Protein chains: 2
Amino acid sequence: MPRNAANTRKTIVDAAVSLFYAEGIRRVSVDAVAEKAGVTKRTLYYHFRSKDDLIATYLESRDLPNLQTFRRWFEETDGPLAAKVEAIFSHLARASRHPKWRGCGFLRTAAELANMPGHPAVKAGSAHKKRVEGWLADEIVAAGVANAQDKARQVVLLMDGAFSLVLVHRDPAYFEAAGAAAASLLGGDG
Amino acid sequence: MPRNAANTRKTIVDAAVSLFYAEGIRRVSVDAVAEKAGVTKRTLYYHFRSKDDLIATYLESRDLPNLQTFRRWFEETDGPLAAKVEAIFSHLARASRHPKWRGCGFLRTAAELANMPGHPAVKAGSAHKKRVEGWLADEIVAAGVANAQDKARQVVLLMDGAFSLVLVHRDPAYFEAAGAAAASLLGGDG
DNA sequence: GTCTATAAGCCGATAGAC
DNA sequence: GTCTATCGGCTTATAGAC
């Protein structure tokens with residue numbers, strides 16, 4: 001594959017994704033991203049205005065892939081709505097057992113940038129979370145369940161609560177408990 | 001008040017609490033904490049082994065005060081269990097409107113230290129969250145509601161989900177929605 | 001126990017060559 | 001568009017005086 005500009009840019013973003021997720025955005029230096037991408041820092045600054053720009057690009061690059069993963073887990077599961085939603089939580093529980101799991105990159109970035117509410121990366125996180133909530137609402141409507149907006153919001157509250165508490169306690173049981181609660185409110189026990 | 005050792009130590013911890021919560025633990029330097037406390041860096045390092053030690057002390061110092069605030073909000077509210085628990089969420093929604101609000105310090109620290117699971121500060125956060133969950137379970141038992149453990153866990157999932165999503169979206173409505181959901185599962189609508 | 005001073009290295013960002 | 005080289009400043013932590 002020829003090394004053109006778009007290609008180099010993607011290589012840098014991939015390196016940023018890997019390092020920022022693994023170690024946190026403040027802990028990872030621009031030098032480290034450049035080295036991992038196999039380019040010099042000067043090249044990195046040719047493609048990105050600043051480290052903040054790179055951080056925002058990192059999260060924007062994860063929006064669609066993460067949403068698609070949720071959709072796939074949902075669609076691959078047979079049964080009623082409650083079972084399909086609960087399957088998302090079961091997959092997250094399994095993922096959280098992996099030694100490289102570090103919680104939700106969007107939430108962790110918002111936590112690291114809590115003193116900069118208007119930061120583009122925080123906005124990217126907000127947009128992603130809204131997209132997930134909106135998609136869930138659409139699926140709940142499609143399943144003919146009432147109060148879809150309220151229920152979608154409760155599901156994402158449980159999901160992001162589990163992301164946070166599993167990160168704190170390192171105990172996947174919080175994903176299981178959240179999944180059971182989500183299934184229950186979607187009529188999974190009826 | 002005489003400036004003795006315990007006094008100096010407390011002054012340093014107070015400065016750390018204020019700065020670490022406002023700006024994040026990685027963003028705040030030891031120099032900044034020492035300056036805010038009105039001591040030199042050498043004095044700070046006399047009282048604390050390292051910055052990590054100071055970070056852990058910061059969170060440990062917030063365990064009891066935060067729990068006591070929750071208890072007070074709960075006890076000051078008249079009515080059934082569901083209303084008393086929902087009041088906690090209403091107070092959090094109000095607090096989150098303050099311009100200096102930055103989410104939950106325990107969750108934000110766990111997010112910043114996600115690559116160091118055994119860090120003493122993360123353990124302090126885990127202990128605090130367990131204490132809140134345990135206290136809620138006790139109150140649910142005392143109110144004679146069934147499945148107290150499961151319900152306490154669902155309440156903390158909703159609460160920490162709201163902490164996270166209000167930080168991302170800067171929208172207190174997530175605290176209100178979480179409070180309504182918590183009240184509902186505790187029989188508030190029955 | 002608190003001070004002044006500084007070590008030793010990493011940080012984000014830039015200059016200028018080609 | 002990518003390179004080599006480096007700036008000025010900030011970082012955690014320590015040495016030695018009193």
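Predicted, not measured: the structure shown is a model, and the values here were computed from it. Lettering of chains follows the sequences in order, A, B, ..., and the numbering in each one begins at 1.
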Query raised in the report: How many angstroms lie between NE2 in A:H119 and CG in A:L59, if you round to the nearest 0.5 Å?
Result: 9.5 Å
Report summary line: Residues in residues 44-53 of chain B with a heavy atom under 4.0 Å of DNA chain D, by number, are B:Y45, B:S50, B:K51
Report task. Looking only at non-hydrogen atoms, find the nearest pair between A:S90 and A:E176 and report the distance. Result -> OG-OE1, 4.2 Å
Report summary line: One should read off an interatomic distance between B:L54 CG and B:Y45 OH, to the nearest 0.5 angstrom, of 8.5 Å
Requested in this report: Please report the shortest heavy-atom distance between A:T109 and A:Y58, naming the atom on each side.
Outcome: OG1-CE2, 3.9 Å
Query raised in the report: Quick one: is C:dT2 close enough that its OP1 or OP2 comes under 4.0 Å of any side-chain N or O from B:T8?
Result: yes
Report summary line: In numerical order, the residues of residues 15-22 of chain B whose heavy atoms come under 4.0 Å of DNA chain D are none
Query raised in the report: Do other residues, nucleotides or ligands put more than 12 heavy atoms under 6.0 Å from the CD atom of B:E75?
Result: yes
What does the list of N/O pairs under 3.5 Å between the protein and nucleotides 16-18 of chain C look like, with a distance for each?
| residue | atom | partner | partner atom | Å |
| --- | --- | --- | --- | --- |
| C:dG16 | O6 | A:R42 | NE | 3.1 |

Query raised in the report: Does D:dT4 have OP1 or OP2 sitting under 4.0 Å from an N or O in the side chain of A:T40?
Result: no
Requested in this report: Name the nucleic acid region contacted by A:S29, choosing base, sugar-phosphate or nothing; use a 4.0 angstrom heavy-atom cut-off, strictly under.
Outcome: sugar-phosphate
Query raised in the report: To the nearest angstrom, how far is B:E35 atom CD from D:dT11 atom P?
Result: 11 Å
Requested in this report: Remember a base hit wins even if backbone is also touched, and classify A:V33 as base, sugar-phosphate or nothing at under 4.0 Å, heavy atoms.
Outcome: nothing
Query raised in the report: Within a radius of less than 6.0 Å around CZ of B:R94, do more than 12 heavy atoms belonging to other residues, nucleotides or ligands occur?
Result: no
Query raised in the report: In whole angstroms, how far is the C1' atom of C:dC10 from the CZ atom of A:R26?
Result: 16 Å
Query raised in the report: Within a radius of less than 6.0 Å around CD of B:E60, do more than 12 heavy atoms belonging to other residues, nucleotides or ligands occur?
Result: yes
Query raised in the report: Does B:Y46 offer a backbone N or O that forms a donor-acceptor pair with the side chain of B:R49 under 3.5 Å?
Result: no
**Report entry** Quiz item: cation-pi between A:R108 and A:Y21, 6.0 Å / 45°
**Finding:** yes
Query raised in the report: Is it true that atom CD of A:E23 has more than 12 heavy atoms of other residues, nucleotides or ligands lying nearer than 6.0 Å?
Result: yes
**Report entry** Nearest-Å distance for atom pair CZ/P, residues B:R27 and C:dG12
**Finding:** 12 Å
Requested in this report: Tell me, yes or no, whether the heavy-atom count around A:K10 atom NZ, taken from other residues, nucleotides or ligands under 6.0 Å, exceeds 12.
Outcome: no
**Report entry** Length of the CG-C1' vector between B:D31 and C:dT4, whole Å
**Finding:** 14 Å
